[in-house]
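One structure is given below, encoded as structure tokens.
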Amino acid sequence: MSMPKLLHLRQLQCLLIAIFVLSACSIDDNPVPEPVNPDQKDYLERLVPVVDPNGESQGMVMLRFYNDMPNVAYVSISNFQQIMYPGTTVQVTKTADHQYALFSPCGTATVDVRTDVFESDDYEAFTNMMGMVQPGMPNTTYDALPIIRWKSLEKTPQQVHVALDYGKFGIDLRADDANVYFPFATIADLYVDGFMHLASFNGQTVMVAPNGAYSLENGYPQNFIAPILNETRTADMADFAYKNLCFTLTNFFGYPGRSLLENKGLKEKGLDQALLDYGQAGQMARELLKSQNMYEYVAGTSTLGCLLNDGGHTYTDVTVISGIDNGSTFWSEMNAVRSAKLAEFITYCPEYADVEQVLIDRYLLRSLLNNKRTEKIGEGVKYYKEGATAYCWFNSFMCDDSGWRKFYKGEGPKPTVADYPNDWLIALTDALEKAESDPEVKNFVLDISTNGGGSSDVVMFITSIFCNKADIYYENVLTGQKMKSTFDVDRNLDGKFDEKDAEVKYHLNFALLVSPFSFSCGNMLPALLKDYGIPILGQRSGGGSCCVLFNPSADGFGYRYSTHRARLTDTKGENIDEGIVPTYELDHDDYFNIQKVAQLVEGYYAQ
């Protein structure tokens with residue numbers, strides 16, 4: 001029930017009391033009560049500072065705290081838009097009792113504060129902030145490395161009507177004649193995008209991340225986390241935080257297909273019912289997540305993380321993302337409770353041992369392959385040639401983007417191997433140039449067998465070089481839409497997107513070496529290359545089909561999860577979380593048998 005309704009009930013109660021008093025007593029003995037002040041508010045407003053992760057001021061924002069939930073911040077949709085995308089706002093028009101039309105710079109929506117339902121024909125357009133990254137860009141996934149730029153987006157179907165029923169989860173949307181008010185964490189969850197623009201409120205300060213999660217690679221700043229680190233939390237916050245988490249993970253989880261809770265009907269039942277139905281393990285996690293004891297709540301996020309473990313993308317454990325100082329008193333006291341609760345949880349959830357064993361086996365495999373690579377090729381060697389075959393070890397889809405950003409801005413020289421020896425993109429381009437300039441080399445094998453992922457932008461660079469294609473295929477799990485996002489690639493890395501990029505050609509037989517450790521982008525690349533006709537060697541890749549979002553909890557902590565916005569697919573639109581079956585399967589002993597690999601590659605291209 002919204003607060004305006006409660007206010008009307010209070011006025012009615014006062015009026016009934018007044019009528020009763022007047023009918024039972026004489027006017028002379030009992031004067032008429034003063035009328036209820038029609039301007040009496042059922043909330044307090046507070047102007048709070050907005051900062052970026054470096055602590056730099058980004059202005060102020062007005063928050064509301066309603067009397068029935070005094071510790072849960074609300075924010076108007078217009079004010080939230082202004083702090084997330086400076087210079088823009090959302091126009092709000094009251095269209096009927098309890099009903100409002102919302103107009104953002106990129107889309108429209110409606111809200112009914114009686115039913116607490118948000119509706120839109122294109123909610124991603126309504127919350128689009130990607131224009132800050134590249135002018136005119138729609139709401140798609142992009143890490144904004146300067147080596148590529150967005151070109152086009154195809155959606156099938158183009159629009160889908162979405163109705164988000166917040167009332168079903170006990171989340172109250174509120175309004176006055178001028179605006180619509182969402183709980184701060186609720187609207188923040190709706191806005192987080194593929195660049196991971198986010199906002200979080202710790203009870204004192206709002207933090208926004210203009211550069212997305214790249215602003216938070218080392219976790220939340222300690223001075224932002226400090227106000228949250230208390231032994232207890234209020235009843236209204238504990239209640240709301242759980243409801244908001246249930247809404248977010250039910251509606252916005254990417255459902256890659258492998259977690260324990262997914263297999264128990266999370267999508268159909270919703271998080272709360274799925275936990276209740278899971279048995280003692282789920283019920284324990286639920287009880288901890290609802291606790292007013294902060295240590296128990298953190299333990300609850302850890303147990304939930306076990307039930308949602310999807311191989312490495314989802315970490316609901318707030319200690320992973322929030323950056324809590326593990327030398328603090330809070331950490332030591334919290335971790336004692338957390339460790340004990342996790343140990344108890346495992347006794348109720350023996351099936352989690354199998355999930356954990358898969359991860360252990362992956363890391364053991366990485367160690368095994370690293371040792372075999374060192375024995376055959378040498379420690380840390382990124383380029384190796386044997387006969388007509390060039391081999392390149394490519395261990396991360398990340399690069400030292402600081403050097404590249406300076407170069408593209410004209411503020412520094414082009415990065416080189418000498419200046420950036422740990423930049424995997426430079427190592428790759430250096431290997432390609434060596435192989436292309438060597439008349440003996442015919443085959444080029446890219447080894448991502450111990451690569452756990454990174455940036456999809458780098459995947460686009462590689463597919464462009466290998467196949468002259470730069471497309472990401474994915475689906476929005478909430479809407480069912482299939483997406484194809486296409487990018488321009490600076491193939492010669494000269495800092496310009498021009499006709500010279502098309503002149504970059506390599507006369508090589510490309511092949512890819514993968515293993516079950518090849519996860520996330522290490523799974524996305526073989527999915528694309530296999531469809532594009534490049535042979536894949538090794539063993540089935542490790543999956544990891546969803547892009548990730550960094551979300552704020554209602555308390556102000558942070559967590560990460562597989563997002564509904566972008567569940568990656570192959571070119572045919574199929575989910576790739578089960579991994580990519582290689583064209584040629586190899587035993588571990590043959591991964592670095594260059595002669596055997598060369599025979600398979602040459603045989604493939606001879607067909």
message = Please confirm whether the ring centroid of Phe252 lies under 6.0 Å from the ring centroid of Tyr561.
response = no
key: Heavy-atom neighbours of Glu578 CD exceed 12 at 6.0 Å   = no
query = Is the Phe169 to Phe247 ring centre distance short of 6.0 Å?
reply = yes
request  = Over all heavy atoms of both residues, which pair between Lys243 and Asp239 is shortest? Give the atoms and the distance, please.
outcome  = NZ-OD2, 3.0 Å
message = Do Val51 and Gln58 have side chains that approach each other closer than 4.5 Å (heavy atoms only, starting at C-beta)?
response = no
inquiry  = Just so I know, are the side chains of Asn476 and Met483 near enough to count as touching, which here means a heavy-atom distance under 4.5 Å?
reply    = yes
message = With a 4.0 Å cut-off on N to O distance, would you call Asp277 and Lys264 a salt bridge?
response = no
ask   = Are any side-chain N or O atoms of Ser328 and backbone N or O atoms of Trp331, one a donor and one an acceptor, separated by less than 3.5 Å?
value = yes
message = Determine whether a donor-acceptor pair (N or O, by modelled atom type, separation under 3.5 Å) exists between the side chain of Asp176 and the backbone of Asn179.
response = yes
message = Are Tyr191 and Phe80, when compared by the centres of their aromatic rings, separated by less than 6.0 Å?
response = yes
inquiry  = What's the separation between atom OH in Tyr473 and atom NZ in Lys482, rounded to the nearest 0.5 Å?
reply    = 13.0 Å
Rounded distance [0.5 Å steps], CG in Asp555 versus CG in Leu229 = 10.5 Å
message = My understanding is that only residues two or more places apart in sequence, or in another chain, count here; which of them pass ring-ring contact (aromatic ring centres under 6.0 Å, His included) with Phe126?
response = Phe118
ask   = With side chains defined as the heavy atoms from C-beta onward, is the minimum distance between Ser455 and Leu145 less than 4.5 Å?
value = yes
message = Parallel, tilted or perpendicular: which one describes the rings of His197 and Phe195, with boundaries at 30° and 60°?
response = tilted
task = Examine Phe557 together with Tyr220 and report whether their ring centres are nearer than 6.0 Å.
result = no
task = State, yes or no, whether a side-chain contact exists between Thr319 and Arg338 at a heavy-atom distance under 4.5 Å.
result = yes
key: Check: Asp189 and Pro552 side chains under 4.5 Å, non-hydrogen atoms   = yes
